[in-house]
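Below is one structure, written out as structure tokens; comments come after it.
The chain is numbered in sequence order, starting from 1. Atom set for the values below is all heavy atoms of this structure, side chains included, hydrogens, waters and symmetry mates excluded.
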Amino acid sequence: MRYDKRMDPLLSEIAKGIISCTKCDLAENRINAVPGEGPQNSELFLIGEAPGAKEDETGRPFVGQCGKLLNELLAEAGFKREDCFITSVIKCRPPDNRNPNKEEIRSCVPYLLSQIDSVSPKVLVSLGNVSYGFFSNTFHLPKKKIGDVRGQVFRLHSTGASYLIPTYHPAGLMYNRKLIPLFVEDLRKAKYYLDDKI
């Protein structure tokens, strides 16, 4: 794991806690925990589900094929990856890339909430069902599948961020490329909010 030099001391301390965490069984078989990366002053905060094989190997989020696609679509929507904070609900890879269970999510939640509070982004973008499910449970949002809520804008209270925009996970886009224009549309909506056009 390489520390992002743009992180402030608090974010670095959170990352160190994640790297040494043994709160759930995922710690036993990981190569690397994946705290996330990005600058302290990021206005856009992307939250995936959990690390995959490449992420586990490198300690960095979204560096495999999904990451390559994410980078391309961020650029298409007018963002630079290096200006975004990118992380996941779960910081260690689940076996066989299965969905994280409730205990694993519960163990990682304090890290994610601390990261959001530290960065204080204007817009959170949740990627996929697991990520949106965390927010729907935590902030009492509609409990629906991602296809039913993607692109909607939810005002958040009692957290460091102002808005949540759910969208598809890049892995889903690789299997159904017809969803790519919707994903880019959702990112552009995030940019609209960041540009204070509301």
Side-chain angles (χ1 to χ4, degrees), residues 1-7 11-40 42 44-74 79 81-119 121 124-138 146 161 164 166-175 183 187:
M1 164 67 193
R2 63 190 183 102
Y3 288 107
D4 192 321
K5 294 178 181 178
R6 299 167 297 168
M7 285 187 184
L11 271 180
S12 293
E13 283 303 309
I14 296 168
K16 289 176 184 176
I18 292 167
I19 289 167
S20 62
C21 181
T22 57
K23 291 181 181 177
C24 75
D25 292 342
L26 294 181
E28 296 176 8
N29 296 307
R30 72 183 178 216
I31 299 172
N32 287 293
V34 185
E37 62 186 28
Q40 170 67 30
S42 299
L44 184 67
F45 195 110
L46 304 172
I47 306 167
E49 173 185 311
K54 282 290 185 184
E55 291 75 22
D56 184 43
E57 181 182 318
T58 62
R60 298 186 60 212
F62 285 97
V63 292
Q65 289 300 309
C66 282
K68 182 179 178 182
L69 179 60
L70 176 62
N71 294 347
E72 292 171 359
L73 299 180
L74 281 169
F79 291 104
R81 176 182 169 125
E82 57 265 27
D83 293 334
C84 308
F85 196 92
I86 304 177
T87 189
S88 296
V89 174
I90 295 298
K91 312 302 188 184
C92 297
R93 182 191 182 200
D96 302 316
N97 291 338
R98 64 161 169 75
N99 285 343
N101 62 39
K102 290 181 180 179
E103 178 190 344
E104 292 157 358
I105 292 173
R106 195 178 303 116
S107 297
C108 269
V109 160
Y111 296 125
L112 177 60
L113 292 177
S114 293
Q115 288 174 318
I116 294 170
D117 286 342
S118 179
V119 175
L124 298 173
V125 174
S126 62
L127 305 173
N129 281 309
V130 170
S131 182
Y132 174 71
F134 160 73
F135 284 99
S136 69
N137 289 329
T138 305
I146 196 65
L164 170 72
T167 192
Y168 299 107
H169 194 284
L173 306 181
M174 297 181 72
Y175 292 104
F183 183 89
L187 290 180

How long is the span from the [atom1] atom in [X] to the [atom2] atom in [Y], to the nearest 0.5 Å?
X    : Y    : atom1 : atom2 : result
L173 : L70  : CG    : CG    : 9.0 Å
I90  : S131 : CD1   : OG    : 10.5 Å
R81  : F62  : CZ    : CZ    : 8.5 Å
L187 : L46  : CG    : CG    : 7.0 Å
K68  : L73  : NZ    : CG    : 12.0 Å
F85  : L44  : CZ    : CG    : 12.0 Å

Non-hydrogen atoms of [X] and [Y] that approach each other most closely:
X    : Y    : value
V34  : G59  : CG1-O, 3.8 Å
P35  : I19  : CG-CG1, 3.9 Å
C21  : A27  : O-CB, 3.5 Å
P39  : V119 : O-CG1, 4.4 Å
S118 : L11  : OG-CG, 3.5 Å

Close side-chain approach of [X] and [Y], heavy atoms under 4.5 Å:
X    : Y    : answer
L69  : E72  : yes
T167 : S126 : no
K91  : P51  : no
C24  : E104 : yes
V89  : E49  : no
F45  : L112 : yes
F134 : L113 : yes

Any side-chain to backbone donor/acceptor pair from [X] onto [Y]? Under 3.5 Å, distance only.
X    : Y    : answer
N101 : E103 : yes
T138 : F135 : no
S136 : G133 : yes
S42  : G38  : no
T87  : I47  : no
D56  : G52  : no

Centroid separation H169 to F183 less than 6.0 Å: no

Output every pair passing salt bridge (charged side-chain N to carboxylate O under 4.0 Å, His left out) with a member in residues 17-36, not counting sequence neighbours, ordered by first then second residue. none

Could you tell me whether R93 and E57 have a side-chain N and a carboxylate O separated by less than 4.0 Å? no

With side-chain contact (heavy atoms from CB on, under 4.5 Å) as the criterion, how do Y168 and I146 come out once you've worked through the C-alpha distance, each side chain's angles and the decisive distance to 0.1 Å? CA-CA 7 Å; Y168 299 107; I146 196 65; 3.9 Å; yes

Salt bridge (charged side-chain N to carboxylate O under 4.0 Å, His left out) assessment of E55 paired with R60: CA-CA 5 Å; E55 291 75 22; R60 298 186 60 212; over 6 Å; no

